[in-house]
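Take a look at the following structure, please.
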Amino acid sequence: MKIRTSTTGSVGNAVRDFLSHLREINASPHTIKAYSTDLSLFSAYAGARGLTQIDHVAVRGYLSQLYERGLSKTSVARALAAVRSFYRWLAREGIVEQNPAKLVATPKLPKKLPRVPTIEEMNSVIDGEMPEVAAFPERDRLMLELLYGCGIRSSELTGINVDDIRLSAEAVLIRGKGKKERYVPFGDLVRTALAAYLPERQKVLAHANKHLSALLVNRRGGRLTTRSVGRIIKKIAVAKGLSPDVHPHTLRHAFGTHMLEEGADLRAIQELLGHERLATTQRYTQLSMKHVLQVYDQTHPRAK
């Protein structure tokens, strides 16, 4: 990509170049949308100041303005992370020498671990008949099996093409963040769900007179979107008795936590989840320990 930004250029122009860069490296649409929102506010705050005129004091002033507008600590922390990423990219491109946002402390957030469904709860959701709210039962079961059985992200799920399925190897090619690819194994339950869904998928495409590479399709023969996946998963989970807080990423958390509880190696889980850093995977040790403590409190005679 040709960089239009210079050291004296406006923040607004640099933000446009940065967002174009994110699209080129196949960043998540949600990431691009979040960065676009946060950095447009930052650009408005910077005004006519050039890139090198923004120092750590200016960044703190920007965060103060966000607090004054009533934004939560979580939102302010996200906005700071966006500015840090923006300036880190500018430094890599040789446009600025320093990242002023690095000198600004992240707002302290309460450590809140996500509530992960138990193995029994997950089995109750996927096993048995799909509830009436499932408009396309064969597809929806396959979605649940892939999300929980492979631990993939919602965006990775919708990006799977039929040709990415390696039935003989019982693995699926996953395209993760930053165009990184990995193979994730699947078991007999995914294979069974695929066998039930693929003929139904073909009927939908034939009726819509479409030829599509996407594995997961809607009733109109189009590729399923991440928004639709979230809505479908929530409907089914609630109908099966789980919390309304359940979303596709909950199933990814459940995958990592349950693998760890059953004795899987942390580095193997890291590989399966496609985490760049082991520290990200280590969150599941916290989730697992929380579960262990709950079991101890509920079952050990000396804990009662």
Side-chain angles (χ1 to χ4, degrees), residues 1-110 153-156 158-159 175-181 223 225-231 247-249 274-277 279-280:
M1 183 187 77
K2 186 178 179 182
I3 305 298
R4 298 188 301 275
T5 304
S6 67
T7 53
T8 56
S10 72
V11 172
N13 286 338
V15 166
R16 280 192 288 276
D17 284 347
F18 176 57
L19 294 174
S20 294
H21 162 73
L22 291 179
R23 293 186 191 97
E24 284 188 0
I25 65 170
N26 200 31
S28 158
H30 298 295
T31 299
I32 294 171
K33 185 179 178 182
Y35 277 13
S36 177
T37 300
D38 291 332
L39 292 175
S40 65
L41 291 174
F42 179 64
S43 175
Y45 170 80
R49 281 178 284 189
L51 290 166
T52 54
Q53 293 175 292
I54 302 290
D55 58 10
H56 66 281
V57 177
V59 175
R60 283 200 189 103
Y62 167 59
L63 300 187
S64 296
Q65 187 184 81
L66 296 180
Y67 280 124
E68 287 170 8
R69 293 177 58 172
L71 269 69
S72 67
K73 278 189 176 182
T74 303
S75 297
V76 173
R78 191 188 75 177
L80 176 59
V83 175
R84 279 181 183 156
S85 294
F86 170 55
Y87 267 91
R88 188 162 54 243
W89 173 76
L90 290 172
R92 278 204 309 268
E93 296 295 327
I95 297 164
V96 299
E97 290 183 9
Q98 293 182 326
N99 184 344
K102 278 183 73 175
L103 300 173
V104 181
T106 302
K108 287 192 176 180
L109 304 174
R153 301 176 178 93
S154 180
S155 57
E156 293 171 344
T158 56
R175 295 171 187 83
K177 292 181 177 179
K179 294 185 179 178
K180 290 181 181 176
E181 296 183 347
R223 184 183 289 269
T225 64
T226 54
R227 181 168 292 185
S228 294
V229 170
R231 187 179 67 251
H247 49 82
H249 215 74
H275 285 157
E276 192 169 324
R277 297 182 304 130
T280 309

Problem set entry | Interatomic distance, R92 atom CZ to I95 atom CD1 [nearest 0.5 angstrom] |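 Output value for this atom pair is 11.0 Å.
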Problem set entry | Trace of the side chain to side chain contact (heavy atoms under 4.5 Å, CB included) decision for V59 with I54 | CA-CA 7 Å; V59 175; I54 302 290; 4.1 Å; yes
Problem set entry | Smallest separation among heavy atoms of L19 and I32, with atom names |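 The pair with the smallest heavy-atom distance is CD2-O, 4.1 Å.
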Exercise. Among all residues two or more places apart in sequence or in another chain, which pass the side-chain hydrogen bond (donor to acceptor under 3.5 Å, both in side chains) test with T31?
Worked result: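 Applying side-chain hydrogen bond (donor to acceptor under 3.5 Å, both in side chains) to T31 gives none.
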Exercise. How would you list, by chain and number, every residue that makes a side-chain contact (heavy atoms from CB on, under 4.5 Å) with R175, sequence neighbours excluded?
Worked result: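 For R175, the residues satisfying side-chain contact (heavy atoms from CB on, under 4.5 Å) (neighbours in sequence not counted) are N161, D164, L173, E181.
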Problem set entry | pair Y62-L80: side-chain heavy atoms closer than 4.5 Å |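 Not touching, per the 4.5 Å side-chain cut-off.
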Problem set entry | Flag, side chain of Y87 to backbone of L51, donor-acceptor distance under 3.5 Å |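 Flag set: sc Y87 to bb L51 pair under 3.5 Å.
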Problem set entry | Pairwise distance CZ(R88) to CZ(F18) - rounded to 0.5 angstrom |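 Separation between the atoms: 8.0 Å.
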Problem set entry | From OG (S154) to CZ (R227), nearest 0.5 Å |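 The CZ atom of R227 is 11.5 Å from OG of S154, to the nearest 0.5 Å.
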Exercise. Hey, are the side chains of T226 and H30 touching, using non-hydrogen atoms and a 4.5 Å cut-off?
Worked result: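 Yes, close enough: below the 4.5 Å cut-off.
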Exercise. What pair of heavy atoms forms the shortest contact from P100 to V104, and how long is it?
Worked result: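 Heavy-atom minimum between the residues: O-CG2, 3.9 Å.
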Exercise. How many angstroms lie between CG in L71 and CG in L41, if you round to the nearest 0.5 Å?
Worked result: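 L71 atom CG to L41 atom CG measures 8.0 Å (nearest 0.5 Å).
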For this session: List in chain and number order the residues that pass salt bridge (Lys or Arg N to Asp or Glu O under 4.0 Å) with K180, two or more places apart in sequence or in another chain; answer none if no residue qualifies.
Result: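 For K180, the residues satisfying salt bridge (Lys or Arg N to Asp or Glu O under 4.0 Å) (neighbours in sequence not counted) are E276.
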Problem set entry | Pairing residues for R84 by the salt bridge (Lys or Arg N to Asp or Glu O under 4.0 Å) criterion, not counting sequence neighbours |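 Once residues adjacent in sequence are excluded, R84 has no partner under the salt bridge (Lys or Arg N to Asp or Glu O under 4.0 Å) criterion.
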For this session: Output every pair passing salt bridge (charged side-chain N to carboxylate O under 4.0 Å, His left out) with a member in residues 55-69, not counting sequence neighbours, ordered by first then second residue.
Result: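 The answer is none; no pair qualifies.
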Exercise. Which pairs pass side chain to side chain donor-acceptor pair (under 3.5 Å) with one or both residues in residues 34-46, sequence neighbours excluded?
Worked result: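 Pairs touching residues 34-46 that pass the test: Y35-S85, D38-R78.
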Exercise. OG1 of T225 to CZ of R231: how many Å apart, nearest 0.5 Å?
Worked result: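 Spacing of OG1 (T225) from CZ (R231) equals 7.0 Å.
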